[in-house]
Amino acid sequence: MNAIRAITDKSDLEGTAYVELLPGKYKDSCWNDGSLFFEEEVFGYFEPCVKKHVPDFDHYAFSEMDASQCALVASSLRDLAVLVQSVTTVAQLRDHVGFIFHGSEKRFENDLADNLSALARLAEELADWLVVQASSHEHVSILGL
């Protein structure tokens with residue numbers, strides 16, 4: 001199971017299967033300083049929150065969230081954090097968490113208590129980060145695979 005965390009230090013990246021959240025608009029380059037990076041499977045957990053408020057989001061493309069969309073996504077992430085803390089089975093997450101790979105749900109379930117705790121914590125951290133970035137950059141770019 002991938003660690004459920006955001007990566008802030010580019011030297012910690014191995015390979016290229018990451019989603020990058022870039023403060024501001026796309027700058028014609030990837031792997032930017034100041035970005036948050038997520039292993040593909042980990043970002044997938046949050047994709048339902050993003051898709052709900054960013055209609056043009058595509059896992060395999062670049063898209064942008066304006067400040068109002070960032071606030072809405074942050075709110076959905078906070079709701080997800082609350083929900084995650086109250087569930088007892090992975091089945092209760094199916095409509096709220098993106099298990100994007102074959103086997104993602106089973107891997108998550110194998111260490112359910114720790115994964116629920118890590119997911120709730122990361123959802124809150126990501127919500128906080130989005131609000132801060134949107135207030136100073138007006139946009140956050142999602143650089144998909």
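With rounding to the nearest 0.5 Å, the separation of CZ in Phe43 from CD1 in Ile4 is 14.5 Å. We find the CG-OG distance between Asp33 and Ser35 to be 8.0 Å, quoted to the nearest 0.5 Å. Separation of atoms CD1 (Ile7) and CD (Glu39) is listed at 5.0 Å; rounding is to 0.5 Å. A distance of 10.5 Å separates SG in Cys70 from CG in Leu77, rounded to the nearest 0.5 Å.
Looking at Glu47, its side chain never comes within 3.5 Å of a backbone N or O of His59 through a donor-acceptor pair. A donor-acceptor pair is defined here as one N or O able to donate and one able to accept, closer than 3.5 Å; such a pair exists between the side chain of Ser141 and the backbone of Tyr26.
Contact check for Leu22 versus Val140: no side-chain heavy atoms found under the 4.5 Å cut-off. Side-chain contact between Leu93 and Leu116 is present, with heavy atoms from C-beta onward closer than 4.5 Å. Taking 4.5 Å as the limit, some side-chain heavy atom of Arg107 sits within range of a side-chain heavy atom of Phe101. Two residues are said to be in side-chain contact when any heavy atoms from C-beta on lie closer than 4.5 Å; Leu83 and Asp79 fail this criterion.
Nearest heavy atom pair, residue Ile100 against residue Glu41, reads CD1-CA, 4.2 Å. The two residues Lys52 and Ser76 have their closest heavy-atom pair at CD-OG, 4.0 Å. Heavy-atom minimum distance, Glu20 versus Trp31: OE1-N, 2.7 Å. Residues Leu36 and Phe38 approach most closely at CB-CE1, 3.9 Å, considering heavy atoms. Shown here for Leu145 and Ala17, the closest heavy-atom pair between the two residues is CD2-C, 3.9 Å.
Qualifying side-chain hydrogen bond (donor to acceptor under 3.5 Å, both in side chains) partners for Arg94, counting only residues two or more places apart in sequence or in other chains: Glu105. Residues satisfying the side-chain hydrogen bond (donor to acceptor under 3.5 Å, both in side chains) test with Thr89, not counting sequence neighbours, are Gln92. Applying the side-chain contact (heavy atoms from CB on, under 4.5 Å) rule to Leu72 yields the partners His53; only residues at least two apart in sequence or on another chain are considered. With sequence neighbours left out, the side-chain contact (heavy atoms from CB on, under 4.5 Å) criterion links Asp56 to Val54, Ser63. Asp66 pairs by the side-chain contact (heavy atoms from CB on, under 4.5 Å) definition with Ser68, Gln69, His139, not counting sequence neighbours.
Note: Phe108 and Tyr45 have perpendicular aromatic rings, judged against thresholds of 30 and 60 degrees for the angle between ring planes. Taking the six-membered ring where the residue is Trp, Tyr18 and Phe37 present perpendicular rings, their angle passing 60° and hence far from 30°.
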Discussion item. The test is side-chain contact (heavy atoms from CB on, under 4.5 Å); show your working for Phe46 and Val97 and say whether it passes.
Written reply: CA-CA 6 Å; Phe46 301 122; Val97 172; over 6 Å; no

Identify all side-chain donor-acceptor contacts of residues 126-134 below 3.5 Å with residues at least two apart in sequence or on another chain.
from	atom 1	to	atom 2	distance (Å)
Asp128	OD1	Arg78	NH1	2.9
Asp128	OD1	Arg78	NH2	2.9
Gln133	OE1	His137	NE2	3.4

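Of the candidates Val19, Leu21, Asn32, Leu143 forms a side-chain contact (heavy atoms from CB on, under 4.5 Å) with just one, namely Asn32.
Criterion: ILVMFWY side-chain heavy atoms under 4.5 Å apart, direct or through other members. Under it, Leu112 and Val84 are part of a common hydrophobic cluster.
With salt bridges taken as basic N to acidic carboxylate O contacts below 4.0 Å, none links Arg5 and Glu125.
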